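Each remark here refers to the structure printed beneath this line.
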Amino acid sequence: PFSHALHAGELGLDCRYCHTTVEVAARAAIPPTETCLNCHARIRTQSEALAPVFASASSGEPVHWKRVHDLPDYVYFDHSAHVTRGVGCVTCHGRVDTMDRVRQAQPLSMGWCLDCHRDPAPNLRPVDQVTNMHWEPAGDRAALGERLFRDYHILGPDVLTSCSTCHR
């Protein structure tokens with residue numbers, strides 16, 4: 001069990017603190033024990049909820065995290081290609097900052113992804129706001145999305161909807 005509502009919500013930890021590779025790699029890293037221990041070596045050291053973290057630290061075995069967002073093996077998804085072009089974490093993962101236990105907020109189906117790939121502009125935000133769960137545009141969302149689409153040199157739907165974009 002891990003409360004994103006506490007860590008990302010109440011404490012305001014940035015998604016990238018734990019998911020360190022989200023901007024540079026296809027996969028968003030699952031945090032190693034050492035990341036948890038940056039705080040929990042001193043905070044809540046007797047908590048039963050943290051027993052798996054302390055057991056991991058003692059044994060050298062990684063914490064067994066349960067994957068919630070698990071795409072089929074035949075689907076290629078690159079986190080870095082999305083977050084470095086302004087697709088916010090909340091778009092696919094929902095408001096994890098309010099979730100005690102993360103759940104899949106979107107269907108992540110082929111149709112759902114293709115809808116966004118056909119018209120990504122409504123889902124774009126400034127890159128410096130991709131992890132901000134509360135972000136709302138100051139003005140016209142559609143106009144901002146269209147501008148960011150051009151500014152970030154996002155490929156058009158003919159490329160984004162090509163089978164080989166997601167199936168390699």
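All values derive from a computational prediction rather than experimental measurement.
Side chain of R125 to main chain of Q129: a donor-acceptor pair is present (N/O by atom type, distance under 3.5 Å, no hydrogens or angles). A distance-only check finds a donor-acceptor pair linking the side chain of T21 to the backbone of R27 [under 3.5 Å]. Within the 3.5 Å criterion, the main-chain N or O of P107 finds a donor-acceptor partner in the side chain of Q104. A donor-acceptor pair is defined here as one N or O able to donate and one able to accept, closer than 3.5 Å; no such pair exists between the side chain of H4 and the backbone of D97. The backbone N or O of P32 sits nowhere less than 3.5 Å from a side-chain atom of W65 that would complete a donor-acceptor pair. Looking at R147, its side chain never comes within 3.5 Å of a backbone N or O of A143 through a donor-acceptor pair. Of the possible donor and acceptor atoms, one in the side chain of H19 sits under 3.5 Å from a partner among the backbone N and O of A29. At least one donor-acceptor pair closer than 3.5 Å links the side chain of R150 to the backbone N or O of E146. Using modelled atom types, one side-chain atom of S58 and one backbone atom of F54 make a donor-acceptor pair closer than 3.5 Å. Checked by atom type and distance alone, the side chain of R103 never pairs as donor or acceptor with a backbone atom of M99 at under 3.5 Å.
Nearest heavy-atom pair, R168 versus Y76, reported as atom, atom and distance to 0.1 Å: NH1-CE2, 3.1 Å. Closest heavy-atom contact between P52 and V63: O-CG2, 4.0 Å. Of all the heavy atoms in R44 and L50, the pair that sits closest is O-CD1, 3.2 Å. When all heavy atoms of A26 and D78 are compared, the closest pair comes out as CA-OD1, 3.3 Å. V102 and H69 get closest at one heavy-atom pair: CG1-CE1, 3.6 Å. Across all non-hydrogen atoms, the minimal contact from P120 to I154 is CG-CG2, 4.3 Å.
P157 has its side chain out of reach of D119: every pair of non-hydrogen atoms, C-beta onward, lies at least 4.5 Å apart. The shortest distance between side-chain heavy atoms of F77 and H79 falls below 4.5 Å. Under the 4.5 Å side-chain criterion, counting only non-hydrogen atoms from C-beta, L148 is in contact with P126. The shortest distance between side-chain heavy atoms of R118 and L160 does not fall below 4.5 Å. In this structure, the side chains of C15 and V22 stay at 4.5 Å or more apart for every pair of heavy atoms. In this structure, Y74 and C166 have side chains that are not in contact, with every pair of non-hydrogen atoms separated by 4.5 Å or more. Two residues are said to be in side-chain contact when any heavy atoms from C-beta on lie closer than 4.5 Å; P122 and F149 fail this criterion. Inter-residue side-chain proximity for T84 and V127 is flagged as unmet; no heavy-atom pair is nearer than 4.5 Å.
Separating the OG atom in S162 from the NE2 atom in H117 is a distance of 11.0 Å, to the nearest 0.5 Å. To the nearest 0.5 Å, atom CG of residue L124 and atom CG of residue D151 are 10.5 Å apart. Of the inter-residue distances, the one linking L11 atom CG with Y17 atom OH reads 11.5 Å to the nearest 0.5 angstrom. Atom SG of C89 sits about 10.0 Å away from atom CG of N132, to the nearest 0.5 Å. From L155, atom CG reaches atom OG1 of T165 across 8.0 Å, with rounding to the nearest 0.5 Å. Once rounded to the nearest 0.5 Å, the distance linking NE2 of H93 with CE of M133 reads 8.5 Å.
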Test side-chain contact (heavy atoms from CB on, under 4.5 Å) applied to Q106 and W112, step by step
CA-CA 8 Å; Q106 298 296 340; W112 184 82; 3.2 Å; yes
Run the numbers on N123 and T91 for side chain to side chain donor-acceptor pair (under 3.5 Å), then give the verdict.
CA-CA 7 Å; N123 293 306; T91 300; 4.6 Å; no
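Placement of V130 and Y152 in two distinct hydrophobic clusters is found when ILVMFWY residues are connected by side-chain heavy-atom separations under 4.5 Å, directly or transitively. Hydrophobic clustering of Ile, Leu, Val, Met, Phe, Trp and Tyr side chains at less than 4.5 Å, counting indirect connections, unites V96 with V90. V87 and L144 fall within a single hydrophobic cluster, where Ile, Leu, Val, Met, Phe, Trp and Tyr side chains are chained together by heavy-atom contacts under 4.5 Å.
Within 6.0 Å of atom NE2 in H134, more than 12 heavy atoms from other residues, nucleotides or ligands are found, so the atom counts as buried in its surroundings.
Taking the six-membered ring for Trp and thresholds of 30 and 60 degrees, F2 and H7 have nearly parallel ring planes, at less than 30 degrees apart.
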